[in-house]
Number of protein chains: 2
Amino acid sequence: MKLYDLKAGMNPRRVRIFLAEKGIEVPIAPIDMMKGENQTPEFLKLNPLGTLPVLELDDGTILTESVAICRYFEFSKPEPNLFGHGGVEQARVEMWNRRLELELMRPLAEQFRHLSPFWKDRLTQIPEYGEAQRTRLGQVMEWLDRELATRPYMAGERYTIADITAQCAFVLGKNTGAPIPDGLHNLKRWWDLVSSRPTARA
Amino acid sequence: MKLYDLKAGMNPRRVRIFLAEKGIEVPIAPIDMMKGENQTPEFLKLNPLGTLPVLELDDGTILTESVAICRYFEFSKPEPNLFGHGGVEQARVEMWNRRLELELMRPLAEQFRHLSPFWKDRLTQIPEYGEAQRTRLGQVMEWLDRELATRPYMAGERYTIADITAQCAFVLGKNTGAPIPDGLHNLKRWWDLVSSRPTARA
């Protein structure tokens with residue numbers, strides 16, 4: 001088994017934290033995106049989309065998409081549980097994981113792609129679109145702050161994959177000019193809680 | 001139990017097809033977005049995001065996000081299975097469902113939102129962004145056509161939630177100026193296969 005990884009990437013980090021929470025060690029194959037190693041013919045044979053992470057199983061099966069990879073490991077090592085127990089909790093965790101991907105992670109990634117000099121020569125930036133995402137993020141963070149007034153973690157009383165998604169999104173936000181604003185005390189309390197876990201720097 | 005539904009919506013359709021495949025009947029509460037029924041204080045109490053579908057359980061539990069709602073029903077009625085059996089198949093279905101959401105459904109929805117007169121007064125349209133999405137879609141459909149040369153369905157040998165996601169995306173594409181191009185024979189063969197299922201018009 002081999003995990004193709006990108007140290008600084010938001011999505012690869014989700015899988016590394018998930019594995020650390022599970023106590024699973026997987027051999028890592030680091031891929032250097034700056035050198036174009038994710039666009040070589042060999043890599044595109046593994047994943048035609050050129051995205052990371054990619055998990056290669058011993059029989060050659062290839063799995064891409066962070067949450068799909070995490071789900072594979074949830075099945076092979078069910079505890080500690082990170083996707084929920086039973087129908088209602090599993091659905092609630094999935095709901096929050098998706099809300100955080102769609103409402104938080106995606107606009108954070110898009111404002112970075114469309115506003116940062118890093119991406120200038122790598123895609124056709126549309127600054128107006130990046131600004132719209134940043135404006136939207138302000139409302140999203142206020143909404144999350146209200147939600148977290150009622151519970152310690154994103155999906156309820158305990159830490160789940162929904163928290164991992166959110167914390168990886170906020171790491172990107174912190175590094176790209178879209179930090180958690182002062183005054184959002186519930187969100188700040190949640191951030192201190194999750195970012196102090198021993199797995200947070202996996 | 002009650003399913004708040006939007007007849008013409010891409011995501012509500014995913015849940016209706018999923019329920020029809022499972023043979024599950026749920027009382028439907030239609031919501032008229034044109035009349036703003038998804039923005040009333042009552043509705044926003046159910047789902048602060050104002051999106052549809054929303055599932056309300058008998059104990060008052062609220063579930064949003066199509067795939068979370070589908071996962072709830074997969075747990076309560078496991079057969080026919082639509083999310084995969086075992087770790088590897090579950091991960092493969094999740095991988096394809098996500099690839100189709102991110103690479104196909106999202107650009108299809110975005111080109112509609114940023115190019116169609118329907119959305120003109122409902123959001124700040126950025127036509128340049130819409131056009132970029134439409135250009136990207138051409139490459140995505142060619143990639144899917146190559147993938148479908150090797151298997152009948154999106155995630156493998158049988159129909160799964162990944163096919164439901166793709167068919168609902170293509171319904172939107174057909175209605176908004178981004179149809180499957182002529183010449184993509186594998187994709188067309190897949191479309192004929194899934195759109196002729198008795199559940200396709202659920």
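Labels below follow one simple rule: chain letters A, B, ... track the order of the sequence lines, proteins then strands, and each chain is numbered from 1.
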Should we count CG of A:D182 as having more than 12 external heavy atoms under 6.0 Å? no
Candidate pair B:R98 and A:E101, rule side chain to side chain contact (heavy atoms under 4.5 Å, CB included), full reasoning: CA-CA 11 Å; B:R98 286 177 165 268; A:E101 287 176 337; 3.0 Å; yes
Chain A-proximal positions within residues 130-159 of chain B [heavy-atom distance under 4.5 Å]: B:R136, B:W143, B:E147
Indicate yes or no: does A:R106 engage B:E110 in a salt bridge with an N to O separation below 4.0 Å. yes
Could you tell me which portion of A:L55 (side chain, backbone, both or neither) has an atom closer than 4.5 angstrom to a non-hydrogen atom of chain B? neither
Interface moiety of A:R92 toward chain B, non-hydrogen atoms closer than 4.5 Å: both
Quick one: pull up OG1 in A:T64 and CH2 in B:W96 and give me the separation to the nearest 0.5 Å. 7.5 Å
Region of B:T61 in contact with chain A, defined by heavy-atom distances below 4.5 Å: side chain
Contact part of A:I62 toward chain B, heavy-atom cut-off under 4.5 Å: side chain, backbone, both or neither? backbone
Any idea which of B:S66, B:A68, B:P48 has the most non-hydrogen atom pairs under 4.5 angstrom with chain A? B:A68
Sort by residue number and list every member of residues 24-32 of chain B having a non-hydrogen atom under 4.5 Å from chain A. none
Greatest number of heavy atom pairs closer than 4.5 Å to chain B - which of A:R71, A:E103, A:E74: A:R71
Would you please classify the geometry between the A:Y129 ring and the B:Y129 ring as parallel, tilted or perpendicular, with 30° and 60° separating the classes? parallel
So for atom NZ, which belongs to B:K77, do other residues, nucleotides or ligands contribute more than 12 heavy atoms lying within a distance under 6.0 Å? yes
Among B:L49, B:V88, B:N97, which has the most heavy-atom pairs under 4.5 Å with chain A? B:L49
For A:F75 and B:G86, the nearest pair of non-hydrogen atoms, with its separation, is CZ-CA, 3.5 Å
Please report the shortest heavy-atom distance between A:V67 and B:E94, naming the atom on each side. CG1-OE2, 3.5 Å
For A:R189, does the CZ atom sit with more than 12 other heavy atoms under 6.0 Å from it, leaving out its own atoms? yes
Please lay out, stage by stage, how B:R99 and A:E65 fare under the test side chain to side chain contact (heavy atoms under 4.5 Å, CB included). CA-CA 8 Å; B:R99 282 177 159 183; A:E65 301 301 321; 3.6 Å; yes
Check the surroundings of atom NZ in B:K2: do more than 12 heavy atoms from other residues, nucleotides or ligands lie under 6.0 Å from it? no
